[in-house]
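In this text the structure is predicted, and so the values were computed from the model without any measurement. Just the heavy atoms: all of them, side chains too, but no hydrogens, waters or symmetry mates, feed the values below.
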Amino acid sequence: MSVVNVNPNNVVAINQLRLGVQIGHNMIRTFGLNQNYQKWASDFCCKLIRFFDYQVNFNYPTGGPHHICQWNEATQTGVFDWASVDNVVRAIFSVGAEPLIVLGMYWGLDLQSSDPRGYVPPGMSVDPITQIPRPVTWAKYCAAWVQHFKDVGLPVRFYEIVNEIHVETVERANNYMLVVNATVQAMKSINPNVSISQDRICMGGGGEGNPLLDYWLTHNGVDLDSINYHQYNCGTIDPTNPYYYDDPTIFNNTERDWEWQPNALLAKAAQTKWFNARNKKLPIFNTECNLNSAWEGGTDRRQQLMTGAVWLAITLRQEILQEVSYHIYFTLAGSYVYETQHSSKPNDGLGFGFVNSDDGKPYVPYHVYKFIGNNLNLGDTIVESSTNSDSLRVLAWKNRSNLNIMLVNKTHGPMSVQLTGVSGSFSLLKVDESIPSPIPDPNVDRSPITATVDAAQPLQLNGYTVAFLQQPLNNLPLFLLLALGALILWG
């Protein structure tokens, strides 16, 4: 028997976490028109939606990339398709979220001005020595975004400067830092309230590690506004590859990723180092996250199964306890038909999305996101909870109206759980291994399981499980409760 103890009166942390999602490829272009996409984001109380500049006008699988800007190197100005940009940005605000716009992609990987992938706008030249755009050029390109949103009255705050820059050497770190210095200064001169960061400031890259953070702090790198990072706990779908990890290793890694790792200065350590150098505690954003980053040879089917739900619950629990501010799930939706029939390297993977766009039904990880998004608010109190089981993870919190308890069973075997420290009835919502396989079928119900349970009775978990227990809080002051009781008793 596994025992879970909850002490609702002992506050151990204050929640900082808000949930978001990435949209990509066709999702960006059609987000403003697709009511399903908007509803799926709204239903989990999405607060941040991330997208890449160069993908705004993507039209897969036939159209390919069409960058929204045609740059004129001579005049250092661009012609932008702002109508397409505004369409998605307005839709993002309409669902209660804010956009996080990534300006640039993968610099350091054979970047050329004629790059068909559109990682820089067509017409923009690349410095032949550094192989990235010149600081003044990129600063003007990025500043144009801020100026446009200021002109049309859209309160866009969040930006990242280049997705997953490759900075394995000090020379590359210096080249990139000079670009970002000029860019941040140009953007903030137009709107000082924009929040700008970069996802490689605390991550490794290649055998030499990551010199960017140390170099930044000792060579007058501009002030950033957050520590951003990406998290994937596996990198291949080939079980013979040493970078393929089974479920228990993935679950353990997502908890260990907060410790020091060789060649990677991760988010919490980077936050501390930045504070020691600049006397400023930056918030932490996980701006791209899923179980497995593999895509070229196909995706990892476990991302849509209970493995993915358990991994996500453990990851979010860690981020809540570590005071992370935003978590961006990669990505909102994917097509089973496209992945299995039209992919250049099809396998049994289902893409990265946690909603299947073919039948409109969520996969099990989405239900984890939806419960937490709707029931965990900024400033909610995390209360003391513990368990005697190494196979179980627990998190408890109070919002204004409910006591909430999340239980995560990391093993395939059944588990019996006894709650202590609480009493009475709880509403139960859970996903477990009894939910059918995520093959699209309109006749198959993949909804979470709901019930009412008594805290005095053991709770049975069926293998991999993420369970949420909820009980209304009695928020009336004691003297009002006594008065109400007397009124009822004496009429």
>> Is there a side-chain contact between F31 and N87 in this structure, where contact means two heavy atoms from C-beta onward sitting under 4.5 Å apart?
In response: no
> Is any side-chain heavy atom of Y329 closer than 4.5 Å to a side-chain heavy atom of Q22?
Replying inline: no
> More than 12 foreign heavy atoms under 6.0 Å from CG of D390: is that the case here?
Replying inline: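 No, the 6.0 Å shell around CG holds no more than 12 heavy atoms from other groups.
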Carboxylate-amine/guanidinium contact [X] [Y], below 4.0 Å:
| X | Y | answer |
| --- | --- | --- |
| D432 | K430 | yes |
| D247 | R302 | yes |
| E323 | K281 | yes |
| D225 | R157 | no |

>> Measuring from atom CD of Q304 to atom OG1 of T299, what distance do you get when rounded to the nearest 0.5 angstrom?
In response: 6.5 Å
> Rounded to the nearest 0.5 Å, what separation is found between the CZ atom of F354 and the CG atom of L350?
Replying inline: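 Between atom CZ of F354 and atom CG of L350 there are 14.5 Å.
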Looking at [X] and [Y], what are the two nearest heavy atoms and their distance?
| X | Y | value |
| --- | --- | --- |
| A267 | Y229 | CB-CD2, 3.7 Å |
| S389 | S2 | CB-OG, 3.5 Å |
| K370 | N374 | O-ND2, 2.8 Å |
| F93 | P99 | CZ-CD, 3.6 Å |
| N292 | I237 | ND2-CG2, 4.2 Å |

Quiz question: by atom type and distance under 3.5 Å, do the side chains of [X] and [Y] form a donor-acceptor pair?
| X | Y | answer |
| --- | --- | --- |
| Q471 | N402 | no |
| D454 | S425 | no |
| W311 | N233 | yes |
| T249 | N252 | no |

> With sequence neighbours excluded, what pairs up with F52 under the ring pair (Phe, Tyr, Trp, His ring centres under 6.0 Å) test?
Replying inline: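 Y54.
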> Quick one: ring pair (Phe, Tyr, Trp, His ring centres under 6.0 Å) partners of W40, sequence neighbours excluded?
Replying inline: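 For W40, the residues satisfying ring pair (Phe, Tyr, Trp, His ring centres under 6.0 Å) (neighbours in sequence not counted) are Y37.
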Aromatic rings [X] and [Y]: how do their planes relate, parallel, tilted or perpendicular, breaks at 30° and 60°?
| X | Y | answer |
| --- | --- | --- |
| Y141 | F80 | parallel |
| H412 | Y464 | parallel |
| W82 | H148 | parallel |

> Hey, mind stepping through F51 and V89 against side chain to side chain contact (heavy atoms under 4.5 Å, CB included) and telling me if it holds?
Replying inline: CA-CA 10 Å; F51 66 88; V89 168; 4.2 Å; yes
>> Under the salt bridge (charged side-chain N to carboxylate O under 4.0 Å, His left out) definition, can you give me all pairs with a residue in residues 404-417, not counting sequence neighbours?
In response: E255-K410
